[in-house]
Amino acid sequence: MPDISPETYVKVAKKGIANPVLQKALAGLQDRFGRGTAEAYRRLPEGPELRFKAHDIREKAIAHLDALLEILAAKIRANGGVVYFAQTAKEAVNYCITVARQNNVHRVVKGKSMVTEEIGLNPALQAAGIEPVETDLGEYIIQLAGEKPSHIIAPAVHKNRHDIADLFVKKTGIRRTTDPSELTQAARKALREKFLSADMGTSGVNIACAETGHITTVSNEGNIRMATTLPRIHIAFMGMERIVARLDEYEILLRLLCRGAAAQTMATYVSYISGPRRPGESDGPDEFHLVILDNGRSRILADPQFKEILYCIRCAACLNVCPVYGKIGGHAYGFAYSGPVGAVVTPLLTGINRAKDLCLGETLCGACMDACPVAIDLPRLLLALREKLAYGDENWQVKPASRMEGLAYKAWSYLIGHRYIYERFLKMAGVGQKLFPRSGTMIRRLPPPLAGWTQSRNFQPLAKETFIEGWRNKKAISNTP
Amino acid sequence: MHRLPIMEFFPKAMDKKPKVTLFIQCLVDAVWPQVAEAMVRVLQKLGLSLECPTDQTCCGQPAYNSGYRREACIAAKRFIEIFEGSEIIVSPSGSCVHMVRHHYPELFCDNPAWRQRAQRIAARIYEFTEFLVDVLGVEDVGAHFNGRITYHDSCQLLRGIGVKDQPRRLLRHVAGAEFVEMKNSDYCCGFGGSFAVKYPDISAAMVNDKVDHIIHSGARAVIGCDTGCLLNIAGAVSRRSLSIQTLHIAQLLAKDYL
Amino acid sequence: MSTPDQEYFLRRIRRALNSKPDFSHHGSPLFAHAPSPEELQILDNHRRRTAADRNALLSQLMEAALPIHLCVIPVPDLIAAATAIATLAEAKKPEWSAVKNIIVWRHPLIDLMELKAPLNRLKIPLHRTEPMDPAADPTQDRIEREHLRSAVTASYIGVTSADLCMADTATLVLRNRPGQPRSVALVPSIHIAVITLDQIISDMKELFALLRWDDRFRSEGLSNYMAFISGPSKTADIEATMVHGAHGPREVYLYVVSGK
């Protein structure tokens, strides 16, 4: 079963902040891709506004999801493929293991896919005695290290060349080198053997198109093409939402995906797959299986407030601009999906209460929405999650996160409704703040629940007189301001 | 974030100067009243007559951002009742203007009567620099400052109401000041309301990055348009015993600084 | 041809969407049944393309190819292409073994190049892929597949053509067919593609307009496997440093036969 640990957000975030290697890597990542993506949108012939068109395309696709999936499945079956609809992670994993066992599969080469991370495919395959081999260079590195991806597109961003060099020496026995091209060559060599000897390849699905009946995979390394070309069996795992109706709509999404993911105009490889090899073809898999996964998505679909997160195409553009992700890294989010999209998707898939820090631990700065290729209003979604935590929600089985806070906001709403009492309250606080230690005019330490502020910042004390008081007093003296 | 177009009732060149109603962010009111006083001086210098409802408190943003919609609604209704009669509302806080302009109409999405009232207010509220540059057409208010200054883009101001150029134009007209951009000026400073208190480690990491970028810019003063961010930055600057001034743009324009 | 898992799955989606099963989508606005005005314009531009237009596209292609390390080399004719390929084959060292082997597609354009003669002079064996007998028995099928596998893994250069090439992103479009296996453009360290000038199109919009509405392309559709290839394989997974040759070819050469 997949590892799910959104509860440790704060703890792991702290570790990330204290890790200088990670800090340098994240800053580099955001400088490069965050800025690059914005520039790539600006250079679109249609301009960044194309993102809103893409939003409409996704909205339409999701509104007709049943029809689109039905058509896709029919076309893939007509091409000799097998389609399996998995309600849960367990069903998806079991299907894969059954196919593997039926075909006497010992080794599976995997193209990078966050959905297989979501369903915990690797540990399940291992438990079944089948060797899963991650083939994306970043995924390969973290698999060797026994870690989890920390970024949707750049999974090993948290490791520097020295970490990787040590890891390769230890795990693959190569001569030590810290040169990225030599390290890449070492992985290329090791993985070529795996590709040529694997019986099964797996991939995710970036976007499927109902009109043509194809799934598509996008990569720069070519590992997905290898994993879907050389082994006898190809199983593709697809989140049920990753589909559009028509090829012209697909065209817009692909252009935005490449820009959002890596500020590219086109990824090196895009493959359109609709079935196994046909008679007369001498390569390609004998069997093609498409596993379409729900795993909690239909519940999101049923909620008009949250449906919009299903428009996501998992490009990771939001990670590359998020100031919080940029400090804490991906591991803090405790699930396959990190960054702003993880902060919305993980609570919805794994439980809002247990992932409450993901809902609350952002500043709502809105950078993610501007970076999103399909213009998802991520801050709105975070606010909707916070509302569930504030009041509880039966539908989502959410309990109010803090009764104290609820009472505090009730009191606050009374206070701000009465200026006179509000001012008296401020006066009292003004007297109270004299108790706290200062440095110069600033308060150096506040008590809980405000202690967090002064942990690494001073606090500007309340003024002796509010502006409004001053205004009232002046007005009392002369009636014209 | 539903982006309504700013309905400009007021043409840039106005024959008759409107009466301006001040909406003072609660943080400014209670913690940093100098900001509002400075704004008053700038607006008075431009010959505007001002009024300030003295029963105003808070727009409801803190509750809204924490998910307490009902409490935010209470605040919003009160705000609307207080400011409904105003011709034009000006506030020294981008996030509060974003709250009123964009979130109020959304808060009342299933209450047509209140929604309409909210929309009317939304069309009449301006952030201070937006009001100066876009409504009054003023970019030079005769301010001066000796030394290098840099600017921090507050998130709701920049992405919520799209104010990016206006403060920069005003800063470029400050005599004696050398305006420079810092790295990542549009990155969140880590304030985020209760975020700064609930997630102190993350918030501290963010504000310390911000302060590093300010230091790196070589500026003597960092200027902003939202007091939340400025309190955060000033708190970190003070904790690190740096000599950088943290100023609201109104303070700079009113020459209210040491 | 539905299955129980599918029925259950789609029922849940319909419940979430609050919608009824929709069997009428063949006439629904979800799909287009005729080209849009924009697509008609694109198809018209495609038909009316002049020699000058084609050369302009070639220039655009060459410009787009530069940053992605795709080498685009215009050649006057196939003889020149063959000579250039032989020169390249002589200069390059194989990556995985000491022996040089080259694998080429069975394709009219590649056949016409007659690579055999110049490569013979260099003593480099040339393998040509052949379509398999669709009715072959499983044993024969396996033998032929293994034959291809060993030839393609032994080759340091794979030569293919392409269906089309999109100028604005320097992207080759290859559809799968018997005799034109995809691994030739994937497994060898160097991929060489040979196309003619009239195979260059403007962009993805034009490609999809052709695939959707132009009879020459529509009949075959996207095939069961269509690949976009834009330059050599690359990765930036180690400290965001760009390295070419992650898993796919480390070098890609595109010879454009321009006919002049």
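All heavy atoms count here, side chains included; hydrogens, waters and symmetry mates do not. Quick note on labels: first sequence line is chain A, next is B, and so on, each numbered from 1.
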Among the listed options [options], the residue most often paired with chain A at heavy-atom distances under 4.5 Å:
| options | answer |
| --- | --- |
| C:Val187, C:Leu70, C:Asp133, C:Thr171 | C:Val187 |
| C:Lys205, C:Arg177, C:His247, C:Met166 | C:His247 |
| C:Arg15, C:Glu95, C:Glu38 | C:Glu95 |
| C:Thr153, C:Ile13, C:Asp5, C:Asn224 | C:Asn224 |
| C:Arg149, C:Arg12, C:Arg145 | C:Arg145 |
| C:Thr241, C:Leu222, C:Thr169, C:Leu10 | C:Leu222 |

Side chain from CB out, backbone as N, CA, C, O: work out which of these in [X] comes under 4.5 Å of a heavy atom of chain C, or both, or neither.
| X | result |
| --- | --- |
| A:Arg278 | both |
| A:Arg32 | side chain |
| A:Arg277 | both |
| A:Lys189 | both |
| A:Leu196 | both |
| A:Leu293 | backbone |
| A:Ala210 | both |
| A:Ile164 | side chain |
| A:Glu91 | neither |
| A:Thr229 | both |

Has the side chain of [X] got a donor or acceptor atom that lies under 3.5 Å from a matching backbone atom of [Y]?
| X | Y | value |
| --- | --- | --- |
| C:Trp105 | C:Gly179 | no |
| C:Arg106 | C:Pro178 | no |
| C:Arg218 | C:Asp215 | no |
| A:Arg77 | A:Val83 | yes |
| A:Asn79 | A:Ile76 | no |

Counting heavy-atom pairs under 4.5 Å with chain C, which one of [options] comes out on top?
| options | value |
| --- | --- |
| A:Leu191, A:Asp248, A:Leu69 | A:Asp248 |
| A:Pro304, A:Cys258, A:Pro180, A:Pro276 | A:Pro180 |
| A:Gly80, A:Gly28, A:Ala86 | A:Ala86 |
| A:Gly222, A:Ala154, A:Gly284 | A:Gly284 |
| A:Ala63, A:Ser181, A:Ala156, A:Ser274 | A:Ser274 |
| A:Leu230, A:Thr217, A:Ile292, A:Asp136 | A:Leu230 |

> Under the salt bridge (Lys or Arg N to Asp or Glu O under 4.0 Å) criterion, do A:Glu221 and A:Lys112 qualify, and how do the steps go?
Replying inline: CA-CA 11 Å; A:Glu221 297 187 358; A:Lys112 192 167 73 59; over 6 Å; no
> Is it true that atom NE2 of C:His46 has more than 12 heavy atoms of other residues, nucleotides or ligands lying nearer than 6.0 Å?
Replying inline: yes
>> Tell me whether C:Glu63 at atom CD has more than 12 heavy atoms from other residues, nucleotides or ligands lying less than 6.0 Å away.
In response: no
[X], part contacting chain A, at a heavy-atom distance under 4.5 Å:
| X | value |
| --- | --- |
| C:Pro4 | neither |
| C:Asp141 | side chain |
| C:Leu148 | side chain |
| C:Ser223 | both |

Presence of salt bridge, [Y] and [X], under 4.0 angstrom:
| X | Y | answer |
| --- | --- | --- |
| C:Glu239 | A:Arg161 | yes |
| C:Asp203 | A:Arg255 | no |
| A:Glu211 | A:Arg246 | no |
| A:Glu249 | A:Lys60 | yes |

>> Please find the pair of heavy atoms, one from C:Val104 and one from C:Leu126, that lie closest to each other, and give the distance.
In response: CG1-CD1, 3.5 Å
> What do you reckon, are the aromatic ring centroids of A:Tyr250 and A:Tyr272 less than 6.0 Å apart?
Replying inline: yes
> Under 3.5 Å, is there a donor-acceptor pair linking the side chains of C:Thr160 and C:His107?
Replying inline: no
